[in-house]
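Here's the structure, in structure tokens; my notes come after.
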Amino acid sequence: MNKKMLIFTDLDGTLLDHYTYQTRAADCTIKNLKEKNIPIIPNTSKTLAEVLLIRADLKLETPFIIENGAAVYIPVNYFSIQPDGTQLENGFWVKSFCQKKDFWLSLLSAEARQFKTHFRGFSQMRAQQLADLTGLSITDAGLAKRRQFGEPVDWLGSQQSQDDFIKHMHLLGANVLEGGRFLHISGNCDKGQAQSWLAQQYKINQPERGLTVIALGDSDNDTAMLEAADIAVVVRSPVHAFPILQRENELYFSREYGPAGWAECLQKIIF
Ligand SMILES: [Mg+2]
């Protein structure tokens with residue numbers, strides 16, 4: 001029997017265009033994948049509220065990973081048995097890998113006071129400010145603010161102060177991921193760990209069938225998922241260089257940007 005393929009994909013700048021947040025150039029490939037029953041699994045820095053909307057738009061019924069690997073959401077009964085370590089929450093089996101947001105907010109305010117004027121966190125911004133910064137609508141910015149597990153910050157200071165801040169936060173036990181626009185302060189979770197856990201659940205569910213994990217991303221916060229996949233696709237960004245990866249085999253770089261690059265590489269690999 002053919003190995004089952006799983007597609008883990010970043011959203012912002014990868015499946016969604018960096019500027020328009022649209023998937024248009026990938027729509028035909030999404031349809032092709034659905035016809036072949038290949039799950040498209042969002043693996044994103046976005047919140048539950050944001051992913052639920054995108055998932056409904058794209059008519060995906062697959063599991064997904066939110067907030068940079070902080071939690072995996074699996075629709076109830078997607079697998080024949082409920083995976084170990086998951087909790088039932090609004091129709092999903094949820095596996096979380098990270099402490100909740102309040103923990104990170106108190107760490108930032110109590111232990112990183114010297115950097116206070118160098119950044120602005122999502123919690124300090126009104127939806128309008130976040131909308132201005134990202135190009136999201138006010139409604140969508142409101143959804144982006146509903147974070148459960150960490151705090152993204154907009155860095156206002158120098159590169160040097162950012163480097164110092166990242167070192168300082170590491171010493172405090174936090175993890176700092178650089179996304180396309182923000183620094184994400186969170187726990188020791190990443191997209192790779194959550195992806196590997198979820199791939200393992202597919203294996204447990206269908207042990208007789210091998211798996212090929214394909215991951216697609218455009219930024220530094222995608223490197224863990226790209227390194228952990230069987231096949232890695234780095235999608236070209238209009239605003240930053242390709243992230244640096246250790247692996248050299250089964251590695252693709254798109255020629256096109258965002259969703260067009262996403263479709264270009266999956267067409268080459270699968271179809
Ligand atoms: Mg991205």
Side-chain angles (χ1 to χ4, degrees), residues 7-27 29-30 40-55 57-58 60 62 64-72 122 130 133-136 140-141 143-145 147 149-155 175-186 189-195 198 213-229 231-245 247 251-266:
I7 312 267
F8 287 82
T9 181
D10 172 49
L11 294 177
D12 290 329
T14 299
L15 182 55
L16 306 182
D17 182 87
H18 178 80
Y19 299 107
T20 66
Y21 296 100
Q22 299 292 314
T23 59
R24 204 160 304 129
D27 286 349
T29 304
I30 293 172
I40 302 171
I41 301 163
N43 193 353
T44 175
S45 62
K46 287 186 175 299
T47 62
L48 172 64
E50 291 175 288
V51 180
L52 287 178
L53 272 189
I54 292 165
R55 198 170 170 267
D57 265 2
L58 299 178
L60 297 179
T62 45
F64 53 92
I65 299 166
I66 63 160
E67 298 193 32
N68 282 317
V72 179
F122 269 31
L130 186 58
L133 206 56
T134 54
L136 291 168
D140 290 347
L143 300 178
K145 277 170 59 66
R147 301 196 79 80
F149 297 97
E151 174 77 340
V153 306
D154 180 27
W155 197 258
N175 194 19
V176 183
L177 282 169
E178 295 182 51
R181 286 188 173 85
F182 303 105
L183 295 177
H184 294 262
I185 317 303
S186 186
C189 55
D190 63 51
K191 291 182 175 188
Q193 178 191 32
Q195 169 182 279
L198 181 53
V213 171
I214 304 177
L216 302 98
D218 71 312
S219 294
D220 288 338
N221 65 336
D222 300 316
T223 53
M225 73 184 271
L226 292 167
E227 295 287 5
I231 299 174
V233 175
V234 189
V235 170
R236 189 179 294 274
S237 164
V239 292
H240 57 73
F242 287 127
I244 295 163
L245 296 183
R247 69 183 295 161
L251 174 61
Y252 295 79
F253 293 89
S254 78
R255 212 164 26 83
E256 309 268 358
Y257 297 110
W262 190 93
E264 167 205 332
C265 290
L266 287 179

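FYI, side chains are in, hydrogens and waters are out, and symmetry mates aren't considered; it's all heavy atoms of this structure. Numbering of ligands and ligand atoms starts at 1, following listing order.
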Item to check | Opening angle at the Mg ion (ligand 1) [O, D12; OD2, D10; to 10 degrees] | outcome: 80°
Next on the checklist: Could you tell me if the side chain of T62 sits less than 4.5 Å from the side chain of P42, heavy atoms only?
Outcome noted: yes
Item to check | K191 side chain vs A224 backbone, donor-acceptor pair below 3.5 Å | outcome: no
Next on the checklist: Which residue is it: L11, L16, T9? I am looking for the one with a side-chain contact (heavy atoms from CB on, under 4.5 Å) to T44.
Outcome noted: L11
Item to check | D222 N/O/S atom closer than 2.8 Å to the Mg ion (ligand 1) | outcome: no
Next on the checklist: Closer than 3.5 angstrom, by distance alone: can the side chain of E264 be matched with the main-chain N or O of R255 as a donor-acceptor pair?
Outcome noted: yes
Checklist entry - What N/O/S atom of D218 gets nearest to the Mg ion (ligand 1)? => result OD1
